[in-house]
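Chain letters run A, B, ... following the sequence lines, proteins first, then strands; residues in each count from 1. Computed from a predicted model, the values in this text were never measured in an experiment.
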Amino acid sequence: MSARAGSSGVAPQLTAAFFDRPVLEVAPDLLGATVEHRTAAGIVAVRLTEVEAYDGENDPGSHAFRGRTPRTRVMFGPPGRVYVYFTYGMHWCMNLVCGPEGTASAVLLRAGEVVAGEDLARSRRTASRSPRDLARGPARLTTALGVDGGLDGADATARRSPLAVRAGVRPDPVLVRHGPRVGVAGDGAGHPWRFWLDGELTVSAYRAAVSRRRAGRS
DNA sequence: CGGCCGATCCACT
DNA sequence: GTGGATCGGCCGA
């Protein structure tokens with residue numbers, strides 16, 4: 001077929017140059033791309049339908065806002081690395097680091113459609129009911145892929161990396177929507193840093209940031 | 001389907 | 001000590 005697909009028919013792996021750009025350019029370009037993770041158990045691949053940009057030290061919503069710490073070490077590293085963090089006492093979430101080394105922007109992978117290894121993905125999810133929910137939400141996506149803190153810092157652009165990102169069919173630009181991020185305090189309508197594909201069932205539900213203390217019993 | 005709430009522990013103050 | 005880039009179960013409509 002076309003030269004683009006190559007002789008093997010496998011979509012090309014995204015390179016460090018792809019990620020070494022401003023995060024607001026990289027984030028929408030990741031929509032439609034697939035993330036794949038190889039383990040001894042097999043391969044799971046997810047086609048991304050929803051992502052969020054975090055602009056490093058300039059961004060109050062970013063983990064790197066208060067500078068370099070042990071946790072944010074990878075965010076300040078080279079582009080194309082995977083930043084995995086643990087949250088709410090039980091969930092892992094994953095990001096792809098953007099921009100040159102020394103800066104700390106990253107794209108949170110929020111949701112996608114499992115396009116390979118569906119049985120394996122389901123076996124990793126305890127409460128999965130429908131294919132739609134397998135990777136709908138950042139922690140669900142990370143779980144479905146079998147990614148945890150052990151992959152923090154892995155290079156997704158290395159040829160032999162267990163984790164890779166591959167170019168997908170470029171979505172119709174009309175379908176690319178943007179808006180405020182989910183669950184980020186102080187992220188008003190002036191921060192269109194969440195990107196998603198309109199009409200995709202796997203896009204997670206929007207929720208504004210809520211303080212549990214304020215929302216719950218006083 | 002939507003709202004509410006507990007789980008569970010790590011990073012940072 | 002505080003609260004979080006979340007999820008899933010349970011409840012009522």
Side-chain angles (χ1 to χ4, degrees), chain A residues 23-24 26-28 30-31 35 46 48-77 81-99 103-112 114 121-153 177-196 201-218:
Chain A
V23 68
L24 286 177
V26 175
L30 281 170
L31 294 173
V35 180
V46 171
L48 298 174
T49 57
E50 181 188 358
V51 298
E52 278 176 357
Y54 286 84
D55 193 16
E57 295 178 284
N58 310 313
D59 178 358
S62 170
H63 288 168
F65 182 61
R66 288 180 169 75
R68 201 183 293 243
T69 67
R71 181 173 64 157
T72 60
R73 169 186 62 91
V74 172
M75 295 186 80
F76 287 84
R81 301 295 169 93
V82 187
Y83 164 51
V84 185
Y85 70 90
F86 186 69
T87 193
Y88 287 100
M90 63 192 89
H91 300 303
W92 296 99
C93 296
M94 62 188 296
N95 298 249
L96 294 166
V97 174
C98 297
T103 66
S105 60
V107 176
L108 171 70
L109 310 185
R110 283 202 56 90
V114 175
R122 186 179 298 106
S123 74
R124 289 170 171 154
R125 297 264 292 109
T126 54
S128 61
R129 299 176 196 88
S130 64
R132 174 191 187 187
D133 287 337
L134 280 179
R136 185 179 190 235
R140 293 166 172 176
L141 180 150
T142 303
T143 298
L145 282 170
V147 168
D148 63 18
L151 248 71
D152 188 39
R177 301 298 162 88
H178 57 86
R181 294 173 294 196
V182 174
V184 175
D187 212 38
H191 296 267
W193 283 349
R194 174 186 180 229
F195 299 90
W196 69 92
L201 294 174
T202 51
V203 173
S204 60
Y206 174 74
R207 279 166 288 102
V210 178
S211 160
R212 269 148 74 250
R213 181 183 236 114
R214 198 186 293 265
R217 53 185 98 261
S218 66

Query raised in the report: Which of residues 50-64 of chain A sit near DNA chain B, with a heavy atom under 4.0 Å from it?
Result: none

Of the non-hydrogen atoms in [X] and [Y], which two are nearest, and what is the gap between them?
{"X": "A:Val74", "Y": "A:Val97", "answer": "O-CG2, 3.7 Å"}
{"X": "A:Arg124", "Y": "A:Gly146", "answer": "NH1-N, 3.4 Å"}
{"X": "A:Val84", "Y": "A:Trp92", "answer": "CG1-CE3, 3.7 Å"}
{"X": "A:Asp152", "Y": "A:Arg73", "answer": "OD2-NH2, 4.0 Å"}

With respect to the phosphate group of [N], does any side-chain polar atom (N or O) of [X] fall under 4.0 Å of OP1 or OP2?
{"X": "A:Arg136", "N": "C:dC7", "value": "no"}
{"X": "A:Arg140", "N": "C:dG8", "value": "yes"}
{"X": "A:Arg194", "N": "C:dA5", "value": "no"}

Distance in angstrom units between [X] [atom1] and [N] [atom2], rounded:
{"X": "A:Met90", "N": "B:dT8", "atom1": "CE", "atom2": "P", "answer": "6 Å"}
{"X": "A:Asp148", "N": "B:dC10", "atom1": "CG", "atom2": "P", "answer": "13 Å"}
{"X": "A:Tyr83", "N": "C:dA5", "atom1": "OH", "atom2": "C1'", "answer": "9 Å"}
{"X": "A:Met94", "N": "C:dT6", "atom1": "CE", "atom2": "P", "answer": "15 Å"}
{"X": "A:His91", "N": "B:dT8", "atom1": "NE2", "atom2": "P", "answer": "11 Å"}
{"X": "A:Phe86", "N": "C:dC7", "atom1": "CZ", "atom2": "P", "answer": "13 Å"}

Query raised in the report: Which residues pass the side chain to side chain donor-acceptor pair (under 3.5 Å) test with A:Arg194, sequence neighbours left out?
Result: A:Glu50

Requested in this report: Only pairs at least two apart or in different chains count here, so list each salt bridge (charged side-chain N to carboxylate O under 4.0 Å, His left out) that has a residue in residues 54-63 of chain A.
Outcome: A:Asp59-A:Arg181

Requested in this report: Could you summarise the pairing of DNA chain B as dot-bracket text, marking Watson-Crick and G-U pairs under 3.5 Å with ( ) or [ ] inside the strand and | across strands?
Outcome: |||||||.||||.

Query raised in the report: For A:Tyr85, which residues count as a ring-ring contact (aromatic ring centres under 6.0 Å, His included) partner, sequence neighbours excluded?
Result: A:His63, A:Tyr83

Report task. Assess whether one donor atom and one acceptor atom, taken from the side chain of A:Tyr85 and the base of B:dA11, lie less than 3.5 Å apart. Result -> no

**Report entry** Those residues that, when tested against A:Ala27, pass side chain to side chain contact (heavy atoms under 4.5 Å, CB included) (two or more places apart)
**Finding:** A:Val51, A:Ala53, A:Val107, A:Phe195

Query raised in the report: Got a donor-acceptor contact below 3.5 angstrom from the A:Thr72 side chain to the A:Gly67 backbone?
Result: yes

